[in-house]
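Residues: numbered from 1 along the sequence shown.
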Amino acid sequence: MTKTNPALLVMDIQNGIVSRYAEKPEALAPFQKSVEAARKAGIPVVFVRVAFRDGFPEVSSANKMFSAIKNQGGMTEAEWATQIHESVAPRENEPLVTKRRVSAFTGSDLEVVLRARGINELILTGVATSGVVLSTLREAADKDYYLKVLSDACIDGDPEVHRVLTEKVFPRQADVMTVDEWIFSVNE
């Protein structure tokens with residue numbers, strides 16, 4: 001059996017996204033619980049956000065989603081909307097990875113950060129289930145990472161899409177579990 005070296009990815013839990021998807025503060029409780037448990041277990045926590053440089057040089061007019069953001073303005077690296085939500089604020093030694101697309105790998109140095117630490121297992125959390133979680137899971141599977149998805153530490157604007165992904169799609173490439181199930185497995 002292969003020994004795994006895990007990291008918890010906390011993806012797109014940033015002010016501008018949380019304010020759209022997690023209207024009630026208790027929606028962030030599973031994220032907080034997973035971060036606290038990872039820290040307690042000595043599992044590295046890596047924060048991932050989406051943000052752009054001033055002037056949006058990374059955004060093509062062919063990219064429907066990001067060109068709309070460019071046209072509206074906002075989501076640059078220094079803005080409030082791209083800062084990690086205070087409820088799960090990174091500690092000084094926890095990396096903050098900035099991506100330029102939906103997947104946590106695309107346009108970021110995530111893979112360099114993981115490789116430097118010998119990480120071969122990713123525990124995925126994030127907003128949205130059908131966005132960053134799906135895209136990152138697919139790319140990470142293609143890169144041969146062991147994968148876990150914490151289903152209650154993922155949020156999507158469409159509960160049915162979240163259900164289908166966590167119950168039918170993700171299990172093909174990852175172990176899907178709740179935060180409590182994961183914490184129990186870490187403490188075994």
Common cluster, Val176/Leu137, ILVMFWY with side-chain heavy-atom separation under 4.5 Å: yes

Val10 reachable from Val97 in the ILVMFWY side-chain graph, under 4.5 Å edges: no

Exercise: do Asn120 and Thr4 side chains pair donor with acceptor under 3.5 Å: no

Residue pairs involving residues 62-71 (criterion side-chain hydrogen bond (donor to acceptor under 3.5 Å, both in side chains); sequence neighbours excluded): none

For Asn5, all residues meeting side-chain hydrogen bond (donor to acceptor under 3.5 Å, both in side chains), sequence neighbours excluded: none

Arg39 bridged to Glu36 by N-O distance under 4.0 Å: no

side-chain contact (heavy atoms from CB on, under 4.5 Å) assessment of Leu150 paired with Leu124: CA-CA 6 Å; Leu150 304 184; Leu124 305 179; over 6 Å; no

Approximate separation, where rounding is to 0.5 Å, of Met65 CE and Arg101 CZ: 9.0 Å

Same apolar cluster: Met75 and Val127, side chain cutoff 4.5 Å: yes

Heavy-atom closest pair, residues Ser87 and Gln32: CB-NE2, 3.0 Å

Intermediate values then yes/no, side-chain contact (heavy atoms from CB on, under 4.5 Å), Gln83 and Gln14: CA-CA 5 Å; Gln83 305 313 304; Gln14 60 193 70; over 6 Å; no

Distance (rounded to the nearest 0.5 Å) between Arg172 CZ and Leu147 CG: 15.0 Å

Exceeds 12 heavy-atom contacts within 6.0 angstrom, atom CD of Glu160: yes

Minimum heavy-atom distance Val186-Ala41, with the two atoms named: CG1-CB, 3.4 Å

Donor-acceptor under 3.5 Å (Thr98 side chain, Arg49 main chain): no

Partners meeting side-chain hydrogen bond (donor to acceptor under 3.5 Å, both in side chains) with Arg138 (sequence neighbours left out): Gln173

Atom of Thr76, atom of Thr82 and distance for their closest heavy-atom approach: O-OG1, 2.9 Å

Gap separating the CG atom of Asp152 from the CE atom of Met177, nearest 0.5 angstrom: 11.0 Å

Donor-acceptor contact below 3.5 Å, side chain Thr166 vs main chain Ser151: no

Ring pair (Phe, Tyr, Trp, His ring centres under 6.0 Å) pairs, two or more places apart, involving residues 39-85: Phe52-Phe56, Phe52-Phe66

Approximate separation, where rounding is to 0.5 Å, of Ile119 CD1 and Leu110 CG: 10.0 Å

Atom pair CD1 (Ile123) and CD1 (Ile43), whose distance is rounded to the nearest 0.5 Å: 5.5 Å

Lys40, NZ: over 12 other non-hydrogen atoms inside 6.0 angstrom: no

Side-chain heavy-atom pair Val161, Thr129 within 4.5 angstrom cut-off: no

Heavy-atom pair with the smallest gap, counting every atom of Arg100 and Ala51: NH1-O, 2.9 Å

Cluster check Val149, Val48: I/L/V/M/F/W/Y, side chain < 4.5 angstrom: yes

Common cluster, Trp182/Leu9, ILVMFWY with side-chain heavy-atom separation under 4.5 Å: no

Interatomic distance, Leu8 atom CG to Glu94 atom CD [nearest 0.5 angstrom]: 9.0 Å

Basic-acidic side-chain contact under 4.0 Å: Arg53, Glu77: no

Minimum heavy-atom distance Val133-Thr125, with the two atoms named: CG2-C, 4.2 Å

Qualifying residues under side-chain hydrogen bond (donor to acceptor under 3.5 Å, both in side chains), relative to Glu139, sequence neighbours excluded: Ser103, Thr106

Gln72 (side chain) donor-acceptor with Ile69 (main chain) under 3.5 angstrom: no

Closest contact, heavy atoms only, Val179 versus Ser34: CG1-N, 4.0 Å

Pairs satisfying ring pair (Phe, Tyr, Trp, His ring centres under 6.0 Å), at least one member in residues 115-171, at least two apart: Phe105-Tyr145

Salt bridge flag under 4.0 Å for residues Asp156 and Arg163: no

Any side-chain heavy-atom pair of Lys33 and Asp180 under 4.5 Å: yes

Heavy-atom check, side chain of Pro90 versus side chain of Val45, under 4.5 Å: no

